[in-house]
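Here's the structure, in structure tokens; my notes come after.
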Amino acid sequence: MKKFYLKRYLVYNTSFVEMVFPLDNPNPIRKRYEDYIRFFCSAVAVSSAAFLTNPIDVVKVRIQLDNALSENKNIFANRKYKGLVRGVSLIVREEGFKGLYKGVVPSVLRDGTYSTLRLGSYEPAKNFLGASSVYAPLWKKLLAGAIVGGISSAICNPTDVVKIRMQAEGALQIGEKPRYNSTFSAFRDILKTEGVRGLWKGVVPTVIRASILTASQIPTYDHTKCLVLRNNIMDDGLRLHFVASMFSGLVTAFMTNPVDVIKTRIMSENVVANKSLVYVSTTACFAKILKSEGVLGFYKGFMPNWMRLGPHTVITFLIFERLRYAFGLKPL
């Protein structure tokens with residue numbers, strides 16, 4: 001009975017929204033605040049997804065840094081984190097459950113800014129390029145996604161640097177101090193030791209990754225929905241949103257994993273006096289990984305990456321679409 005009333009409330013009860021944002025007004029208040037509502041829906045959706053999938057993200061970062069630059073090109077040799085399930089088990093055993101939520105504050109902060117900007121800006125960018133129709137070509141959606149993804153990630157790069165560094169830190173030895181005491185002390189310490197440039201470390205692979213990610217994630221979801229609706233395979237609803245989200249997550253993980261590995265390696269490395277950097281640039285990092293670990297090195301952490309992006313995409317779009325419906329906005 002409770003589920004019935006909850007469903008009724010979520011799907012049908014829009015009286016308050018109707019009162020504030022009337023549907024039948026030819027020039028409604030709703031239109032004036034539509035952008036703010038869309039960004040609010042984006043923020044709630046991506047922040048929720050970031051919090052819920054943080055444990056998988058921690059394992060992914062650890063695997064991508066594990067056995068780095070192996071001499072024998074065998075990325076499976078001498079690994080500490082042997083897959084997603086065993087990685088989770090090891091972190092819980094050594095660091096407790098809180099180890100799975102390392103970096104959760106900068107993670108939520110990052111998605112609450114970067115992902116809010118890219119998801120909230122995608123629609124206006126798509127409409128600007130003339131891709132608002134269900135029959136719009138895919139390339140226009142890909143272009144819109146690449147543009148908003150690249151710009152958003154460049155703005156929010158500092159939160160990504162802090163997130164990765166905090167997630168990369170494993171169990172501490174007796175007497176060993178953590179790399180950073182808190183999220184805000186991390187920002188302060190990086191500024192103090194590495195300057196402003198330290199917060200934008202790895203911005204090139206970040207922008208490349210974000211452009212590829214947004215171009216493959218949101219347009220894939222959007223276009224999959226359009227194809228399904230166009231061919232009358234499913235009606236627009238939760239089932240279609242779930243199917244489109246999971247497919248979008250798979251495509252995104254495959255396309256972004258190589259750049260994600262490079263980004264993680266560069267960002268996790270901090271500047272130490274009188275010590276040369278291992279990865280001096282994006283191209284140097286690419287060359288070193290290819291030489292030492294082979295092509296498979298770029299697909300380290302693929303399963304946790306997909307297992308994060310899949311649920312992350314599903315949670316994001318399900319919440320995003322339901323909130324849009326509750327506020328009377330049409331689906332993406």
Side-chain angles (χ1 to χ4, degrees), residues 2-14 17-18 23 30 34 37-46 48-50 52-53 56 115-116 118-127 129-146 148-149 212-256 303 305-332:
K2 286 182 180 179
K3 288 183 179 178
F4 171 74
Y5 284 115
L6 178 62
K7 185 177 179 182
R8 251 190 104 178
Y9 174 78
L10 288 173
V11 178
Y12 300 111
N13 187 0
T14 56
V17 179
E18 279 294 304
L23 282 168
R30 181 194 307 275
E34 188 171 316
I37 296 169
R38 189 172 57 253
F39 277 103
F40 170 76
C41 295
S42 303
V44 174
V46 296
S48 302
L52 292 170
T53 60
I56 306 174
S115 290
T116 297
R118 69 187 182 91
L119 185 56
S121 303
Y122 170 71
E123 226 171 326
K126 182 181 75 168
N127 293 339
L129 293 172
S132 56
S133 167
V134 72
Y135 296 100
L138 179 59
W139 71 266
K140 288 187 177 182
K141 298 175 183 177
L142 295 175
L143 180 60
V148 299
I212 296 171
L213 185 146
T214 310
S216 54
Q217 185 188 47
I218 304 177
T220 299
Y221 172 83
D222 185 8
H223 206 66
T224 301
K225 276 183 60 183
C226 289
L227 286 174
V228 171
L229 291 171
R230 221 156 57 196
N231 291 283
N232 298 314
I233 299 170
M234 289 185 201
D235 293 328
D236 197 355
L238 286 174
R239 190 172 58 146
L240 175 56
H241 299 165
F242 179 82
V243 170
S245 298
M246 281 306 292
F247 180 68
S248 171
L250 175 62
V251 172
T252 305
F254 181 79
M255 295 296 295
T256 62
M303 280 307 294
N305 193 21
W306 181 33
M307 291 309 295
R308 175 185 177 269
L309 279 171
H312 189 285
T313 305
V314 170
I315 293 166
T316 297
F317 284 118
L318 287 184
I319 295 176
F320 185 56
E321 296 279 27
R322 297 321 293 170
L323 284 173
R324 289 173 70 99
Y325 185 91
F327 280 103
L329 300 182
K330 65 179 183 179
L332 181 65

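- Shortest non-hydrogen contact noted between Ala49 and Thr316 is CB-OG1, 3.3 Å.
- Geometric assessment of Arg239 against the ring of Phe242 yields a negative cation-pi assignment under the 6.0 Å and 45° thresholds.
- Taking CG from Leu129 and NZ from Lys141, the interatomic distance works out to 12.0 Å, rounded to the nearest 0.5 Å.
- Contact between Leu240 and Asp235 at its shortest, heavy atoms only, is CB-O, 3.6 Å.
- When each of Ser216, Cys226, Ser248 is tested with Tyr221 by the rule side chain to side chain contact (heavy atoms under 4.5 Å, CB included), just one qualifies, namely Ser248.
- The structure places CD of Glu321 at 10.0 Å from SG of Cys41, a figure rounded to the nearest 0.5 Å.
- Leu143 CG to Leu138 CG: the interatomic distance, rounded to the nearest 0.5 Å, is 11.0 Å.
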Between Thr252 and Thr220, is the side chain to side chain contact (heavy atoms under 4.5 Å, CB included) condition met? List the steps. CA-CA 9 Å; Thr252 305; Thr220 299; 5.6 Å; no
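- Within a 6.0 Å sphere centred on CE of Met255, heavy atoms belonging to other residues, nucleotides or ligands number 12 at most.
- Heavy-atom minimum distance, Ala146 versus Ala215: N-CB, 3.8 Å.
- For the pair Asp222/Lys126, a side-chain contact is recorded, criterion being any heavy-atom separation below 4.5 Å from C-beta on.
- The side chain to side chain contact (heavy atoms under 4.5 Å, CB included) check on Leu318 picks up Leu238, His241, Val314, with sequence neighbours excluded.
- For CZ of Phe247, the number of neighbouring non-hydrogen atoms (other residues, nucleotides, ligands) closer than 6.0 Å is 12 at most.
- Note: Ser245 OG to Lys225 NZ = 9.0 Å, rounded to the nearest 0.5 Å.
- Between Gly145 and Pro219, the shortest heavy-atom distance links the atoms CA-CG, 4.5 Å.
- We find the CZ-CD1 distance between Phe254 and Ile212 to be 11.5 Å, quoted to the nearest 0.5 Å.
- To the nearest 0.5 Å, the span separating NE2 on His223 from NZ on Lys140 amounts to 12.5 Å.
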